[in-house]
> 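This is the structure, below, for whatever I ask next.
All ligand and atom numbering here is 1-based and tracks the order in the structure.
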Amino acid sequence: MGKTTRGMPEATGGAAAPLTAFSGVGPKKAEQLAALGITSVETLLRHYPRRYEDRRQVRRVGDVLAGGLGEGEAVVLRVRVLSVSAPPFSRGGRSRIPLRVRAEDDTGALTLLFFGATWLRNAFSEGADYWVYGPVRRDLSGPVMVHPEFERAEEGKDYGGIVPVYGLTAGVTQKFLRGLVRQALDGGIGRLAEEFLPPEIVTRHRLAPPDFALGNIHFPENDGALRSAQYRLVFEELFLLQTGLLWVRRRERGEGGIAFGRAPSVSEFEDLLPFAMTGAQRRATEEVYADMERPAAMHRLLQGDVGSGKTAVAMAGCCKAARGGHQSVVMAPTEILAAQHFAEFSKTLGEGAGLRTGFLASGLAAKEKADVKERLAAGEIDVLVGTHSVLEPDVVFARLGFVVTDEQHRFGVAQRLRLRDKGSGAVPDVLVMSATPIPRTLALILYGDLDVSVIDEMPPGRKPVETRFVDGTKRGAVYDFVEKQLRKGRQAYVVAPMIADADAEEDMPDSRDAPENDNPCGGEHRSLPSAEGLFAELSERFRGFRVGLLHGGMKQREKEAAMLAFVSGETDLLCATVVIEVGVNVPNATVMVVEGAERFGLAQLHQLRGRVGRGAERSYCVLISDSRAELARRRGETLAETNDGFKIAEIDLELRGPGDLFGVRQHGIPELKIADLAKHLKVVQAVSEEAKALFAADPELTAREHAPLRKKLSQLEAIG
Ligand code: ADP
Ligand code: MG
């Protein structure tokens with residue numbers, strides 16, 4: 001059992017073979033399989049088992065009956081069918097009387113029951129041997145197995161070994177998938193069997209060969225084989241991810257950049273600011289300036305919690321670029337954020353230092369846009385602030401030297417490259433700003449090639465946001481408190497996990513990826529609070545105040561209008577989903593209420609909390625949750641205890657895994673099929689070190705022993 005014959009000669013490279021070539025797969029089945037992402041031998045074999053059932057131990061009926069029926073645990077039996085008694089077909093099709101199959105081995109007998117499955121009568125032949133698998137229990141007639149898995153003994157490949165259990169979809173059963181995987185493994189797996197990892201790495205980490213790994217991940221010969229198959233595949237997946245990023249970005253490195261002059265110094269720049277920089281801001285600015293003064297192009301990630309003052313560092317870069325006669329561009333993910341930046345840049349760099357600033361966003365009138373583009377091309381704008389609009393091909397710079405992207409995780413690598421390519425001749429320096437603290441492990445993978453500056457200190461005088469975790473019985477009191485704040489002229493946010501009642505959690509792509517065993521509600525399916533529901537309710541409750549609504553189901557223009565109304569103070573209370581923008585500054589907002597808080601990940605809650613506490617007033621964050629689940633409690637406690645985004649991100653990674661972390665996919669990294677960034681920390685580190693050493697020694701992978709890897713990465717790159 002578990003042995004797969006491979007290595008059959010096959011000219012076509014079986015990996016890409018369509019599944020319709022397999023027996024049992026017609027157009028309909030192919031469509032059903034496609035719902036699982038299975039469209040070829042390769043995707044089939046990469047559909048790794050979710051878990052395994054250990055069916056190595058074949059039990060005897062007598063032993064199971066004597067031994068407390070195996071405590072309700074599923075057991076494998078090998079039995080001979082004595083009799084099959086089917087209820088008469090009823091007109092309605094389904095009978096409530098079950099199909100009864102009497103079966104025995106040398107030690108005892110039992111009955112297999114199948115309800116509403118009269119058609120199964122023909123699956124059993126009296127006198128024939130079968131494998132059955134399921135829990136045994138006792139009913140009035142004696143010991144029974146209800147709806148066991150079964151198979152004729154001579155065909156029963158799914159018994160007597162370690163058996164894979166797959167994620168399924170409608171129309172596709174375990175048995176069918178297992179059979180298909182067997183066919184694929186037996187038919188030859190072509191290039192999937194080729195080793196592409198560098199031999200020295202395979203040796204150093206004692207990695208199993210690919211064909212062994214693929215065979216044993218599906219049908220493990222034993223526990224040890226399963227472990228080494230898993231290790232190999234986890235290593236391989238992380239290694240491809242890491243080297244893939246380094247491969248794509250290798251072109252960003254080392255090309256001729258601009259060596260900016262020494263002026264201004266950090267302290268000269270600081271004089272332009274209305275405040276003294278924090279030590280962390282100064283340090284980050286020194287790092288940016290040192291990079292800019294070097295001839296190589298800068299690639300730096302600036303990480304800092306919400307409100308830590310990243311903008312000042314970006315301004316410093318723009319200032320140095322302008323002094324050197326170059327233009328800068330600052331790209332923000334939304335128009336509101338871009339507008340806020342523009343106002344700030346115009347004030348500090350425009351009025352303060354005489355730089356010419358420009359603004360570009362799709363909302364502008366055609367004439368205004370044309371005017372900005374013209375001045376930009378003529379070199380009459382020093383700093384352009386805008387949205388995605390700045391990426392358009394007709395946005396031409398006279399001499400672009402410095403590129404800033406704010407809240408990087410919303411932009412892909414490709415967009416960053418497009419901006420950089422707007423430089424004429426020399427490659428501009430690039431600063432990527434992110435307000436989402438990223439745990440070290442993730443940073444290693446995501447930004448393996450970027451230099452990182454961290455602002456780990458808040459501007460002085462910032463009062464920490466007072467955070468409370470309460471249950472639903474306190475809602476009345478919470479909203480009384482909100483009202484008090486509103487009466488003082490403050491504003492408040494109320495955030496819900498869903499858009500509308502009984503709606504899918506559309507705004508939370510993150511939570512959809514949450515592991516299935518992680519149901520923070522602890523199984524209770526209360527109706528969850530929704531933004532629209534709260535909007536209706538709170539509009540009543542807060543008569544005399546102006547209540548706004550903002551969620552992902554609204555059109556972009558409506559969203560911007562709702563946000564703008566809140567920014568300008570037209571609305572007092574904003575009912576929203578998580579779409580409220582990262583980075584938007586509403587200093588007058590002092591309360592953040594999160595309803596259904598158990599539905600949010602830690603990092604997300606921290607981000608939400610960051611929307612308040614941006615002004616001089618004391619601010620509050622209230623997390624409302626009826627879930628007593630341990631997880632929800634720990635999250636609440638963590639938030640109440642610490643304000644440190646990095647620490648929170650680490651704990652979040654530990655608690656929930658990366659699926660929940662501000663949407664790993666937003667970073668442009670592909671879905672991981674077997675590796676788990678939280679669980680496989682050590683492998684991540686090992687892989688990261690190996691990958692970096694590899695590229696340091698052979699940046700273009702031209703060495704002969706790296707040819708297979710080079711080929712693999714080029715293929716991946718071609719797919720995108
Ligand atoms: P973020 O890192 O979230 O982008 P910002 O750059 O928007 O943070 O800064 C948040 C607020 O703090 C802004 O109003 C900014 O003017 C102010 N600020 C930044 N640095 C300092 C500082 N060193 N001292 C006082 N206020 C500061
Ligand atoms: Mg910001």
> Name the atoms and distances for all side-chain donor-acceptor pairs under 3.5 Å in residues 478-485, with sequence neighbours left out.
{"from": "Y479", "atom 1": "OH", "to": "E595", "atom 2": "OE2", "distance (Å)": "2.6"}
{"from": "D480", "atom 1": "OD1", "to": "R541", "atom 2": "NH2", "distance (Å)": "2.8"}
{"from": "E483", "atom 1": "OE1", "to": "R541", "atom 2": "NH1", "distance (Å)": "2.9"}
{"from": "E483", "atom 1": "OE1", "to": "R541", "atom 2": "NH2", "distance (Å)": "3.0"}
{"from": "E483", "atom 1": "OE2", "to": "R487", "atom 2": "NE", "distance (Å)": "3.3"}
{"from": "E483", "atom 1": "OE2", "to": "R487", "atom 2": "NH2", "distance (Å)": "2.7"}
{"from": "Q485", "atom 1": "OE1", "to": "T590", "atom 2": "OG1", "distance (Å)": "2.8"}

> Would you find a donor on one side and an acceptor on the other, under 3.5 Å apart, between the side chain of D572 and the backbone of F545?
no
> Apply side-chain contact (heavy atoms from CB on, under 4.5 Å) to D394 and list each qualifying residue two or more places apart in sequence or on a separate chain.
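Partners of D394 under the side-chain contact (heavy atoms from CB on, under 4.5 Å) test: K373, E392.
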> Who gets closest to atom 5 (P) of ligand 1 by heavy atom: L302, T311, T278?
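Among L302, T311, T278, the closest heavy atom to atom 5 (P) of ligand 1 comes from T311.
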> Check for me whether R614 has a heavy atom closer than 4.0 Å to any atom of ligand 1.
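Heavy atoms of R614 do come under 4.0 Å of ligand 1.
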> Can you spot which of R356, R375, R399 makes a salt bridge (charged side-chain N to carboxylate O under 4.0 Å, His left out) with D382?
R356
> Examine ligand 1 and decide if any of its atoms is less than 4.0 Å from a heavy atom belonging to L273.
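The answer is no, since L273 has no heavy atom less than 4.0 Å from ligand 1.
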> Under 4.0 Å, heavy-atom basis, I'd like to know which part of M433 is in contact with ligand 1: side chain, backbone, both or neither.
neither
> When you measure from the heavy atoms of S308 to every atom of ligand 1, does any distance fall below 4.0 Å?
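In this structure, S308 qualifies as a contact of ligand 1 - some heavy atom is under 4.0 Å.
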> Could you verify whether a donor N or O on one side chain and an acceptor N or O on the other, from H299 and D429, lie under 3.5 Å apart?
no
> Which word best sums up how the rings of F260 and H326 line up, parallel for under 30°, tilted for 30 to 60°, or perpendicular for over 60°?
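Correct class here is perpendicular.
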> Does A276 reach ligand 1 with a nitrogen or oxygen that is under 3.5 Å from one of the ligand's nitrogen or oxygen atoms?
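Yes: some nitrogen or oxygen of A276 is under 3.5 Å from one in ligand 1.
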> Whether the N588 and Q491 side chains hold a donor-acceptor pair (N or O, under 3.5 Å, no angle test) is what I'd like checked.
yes
> With a 4.0 Å heavy-atom cut-off (strictly under), which part of D305 contacts ligand 1: side chain, backbone, both or neither?
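Backbone only.
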> G610 near ligand 1, heavy-atom distance under 4.0 Å?
no
> Has ligand 1 got any nitrogen or oxygen that is less than 3.5 angstrom from a nitrogen or oxygen of G307?
yes
> Is it the case that the side chains of S265 and E268 hold a donor-acceptor pair, with the cut-off being a distance below 3.5 Å and no angle test?
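Present: a donor and an acceptor within the cut-off.
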> My understanding is that we take every heavy atom of each candidate and find the minimum distance to atom 9 (O) of ligand 1. Doing that for G309, A312, P459, which one comes out nearest?
G309
> What atoms of ligand 1 come within less than 4.0 Å of a heavy atom belonging to M277?
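Per the distance check, 23 (N).
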> Looking only at N/O atoms, are F275 and ligand 1 under 3.5 Å apart anywhere?
no
